[in-house]
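This report concerns only the one structure given below.
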Amino acid sequence: MQTGRLRKAPENFLDRAGIQQVTAQARHGRRDFLRGAFAAAAAGVAAGGGHAQQKENSDGDPNILTLPEHSRGLGQAVATDGYGKPSQHEANVQRRQSPGLTQTAQASVSFAPLQSLFGIVTPSGLHFERHHQGWWDIDPSKHRLMLNGMVKTPKVFTMDELMRLPSVSRFHFIECGANTGMEWGNVAVPTCQYTHGMLSCSEFTGVPLVTLLEMAGADMKNGRFLLAEGADGSSMTRTIPMSLVRSGEVLVAYGQNGEMLRPENGYPLRLVVPGVQGVSWVKYLRRIEVGDQPYATKDETVHYVDLMPDGTHRQYTSIQECKSVVTTPSGGQVLLDKGFYSVSGLAWSGRGKVARVDVSVDGGRNWRQARLQGPVMGKCLTRFSLDWVWDGKPAILQSRATDDTGYVQPTYRQLRAVRGTRSIYHNNAIQSWLVEESGEVKNVQLA
Ligand SMILES: Nc1nc2c(c(=O)[nH]1)N[C@H]1C(S)=C(S)[C@@H](COP(=O)(O)O)O[C@H]1N2
Ligand SMILES: [Mo]
């Protein structure tokens, strides 16, 4: 079996000159020009991808014949800074601002490098970020969580009090409702980091919110809605339906991947609302109010609404529908020769488990069922893969996920028939990556 080699995506799209060019064009929204600008930004750095292989020919390969320094000398002593870091050779694997968005001094979104990750867990230092008013590193000894509204006994918890309660740990994805939002306008951003990188998955640890509500004697019957409020300057407040909370799924979480949450992700406390768009996962969580109707806050009436074809706004569409994306090979990467590739990607559903993923290498004409890597968990990322031998001809890679409710991820045509073209949020359409004869992989949309 001939094994193809893949050049990693050029990661430094953010070279200064490139950005200016790109943002000027993004404002005009012209796709061709934009793609040209991205290509210009990427040129000259294309060789900089991760593990460039020197191995041209194993006969006389100096990497076998010469004993390297690290086999002869004494290695370094234990790390003195007490907290491990990735290899210096992985310095390109970073979360980044999208070159397609206007760059601001107070940057508010960074995208996770999905093309560089394995399995389903996002390392905490690479978790995407979305801050409406910057992030803070709050002193946990001063942080409080208040429970009020339709409760018998309003309560205030310290972090110590919360962390003494029985906890659970669960794997869940979080996806910003605006993930893949640029693609509505047919603005093809170059890599899956920018098309799908407002997505991450962690093991979260915390106390089921229902436990705290019971402690406060909340009216679980008439109190049909909750207001969750964050302690940052964004006045982030969201209505959470009690129906989601009753099952015990919604967590008041302090843990992320075995350690405390990172400050960027809401340290010391955030709400985890499995399956629901990121904005409801209120960070720096300081108050939960129990009420009997939706709160109609700014972040659910003005923002985070979907403009429909008939001009109306759809509100409270919180669930992230079933979606998937091929992460390797994906936009910006280069197939260096013909042969075997493992086409691999991520699938998820806000309604439950991923039931199957089909992959097409011919733009959706034929589909083959992909392998799912277990364990497949509910409202969690699932890794899929498919064996593929590239014949050197142009190919279009797609993945189509189905969840355990039977819902099938739509094509752009199907999605636009219902939603029109003027939305920002909730784009779960099938993603297409064009593999050109040169091996270059590009983001394309099929009509
Ligand atoms: N307090 C507070 N909570 C917040 C936000 C915020 O700006 N402030 N942003 C929300 C949005 S829009 C998203 S997508 C997620 C992002 O979470 P992350 O930064 O941990 O990835 O947090 C949500 N919770
Ligand atoms: Mo978001």
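Whatever order the structure lists them in is the order used to number ligands and atoms, beginning at 1. Numbers here are sequence positions counted from 1.
The protein atom (non-hydrogen) at minimum distance from atom 7 (O) of ligand 1 is His132 N, 2.7 Å. Atom 1 (N) of ligand 1 has its closest protein heavy atom at Asp232 OD1, 2.8 Å. The closest protein non-hydrogen atom to atom 14 (S) of ligand 1 is Cys176 CB, 3.4 Å. Residue, atom and distance of the protein heavy atom nearest to atom 12 (S) of ligand 1 are Tyr304 OH, 2.9 Å. The single protein non-hydrogen atom nearest to atom 22 (O) of ligand 1 is Arg270 NH2, 3.3 Å, given as residue, atom name and distance. In terms of protein heavy-atom proximity, atom 10 (C) of ligand 1 is closest to Val279 CA, 3.7 Å.
With respect to Glu264 and Arg95, a salt bridge is recorded, a charged nitrogen being found less than 4.0 Å from a carboxylate O. Here Lys283 does not pair with Asp232 in a salt bridge; the nearest charged N to carboxylate O distance is not below 4.0 Å.
Of the heavy atoms in Met236, only side-chain atoms (C-beta onward) come closer than 4.0 Å to ligand 1. Contacts between Ile174 and ligand 1, counted as non-hydrogen atom pairs separated by less than 4.0 Å, involve the side chain only. When non-hydrogen atoms are compared, ligand 1 lies under 4.0 Å from the backbone of Phe128 as well as from its side chain.
Taking 4.0 Å as the cut-off, Leu271 does not count as a neighbour of ligand 1 on heavy-atom distance. Under a 4.0 angstrom heavy-atom cut-off, Gln277 registers as lying outside contact with ligand 1. Using 4.0 Å as the threshold, Gly266 has no heavy atom nearer than that to any atom of ligand 1. Contact between Trp135 and ligand 1 is absent, with no heavy atom of the residue lying under 4.0 Å from the ligand.
Considering backbone and side-chain N/O of Arg130, one or more are found under 3.5 Å from N/O of ligand 1.
In plain terms, the two heavy atoms of His143 and Ala231 that are nearest each other are CE1-CB, 4.3 Å.
Here Leu209 contributes atom CG and Glu214 contributes atom CD; the two are 10.0 Å apart, rounded to the nearest 0.5 Å. Put simply, CD on Glu289 and CD on Glu229 are 8.5 Å apart, with the number rounded to the nearest 0.5 Å.
Across Gln409, Glu175, Gln431, a single residue satisfies side-chain hydrogen bond (donor to acceptor under 3.5 Å, both in side chains) together with Lys323, and that is Glu175.
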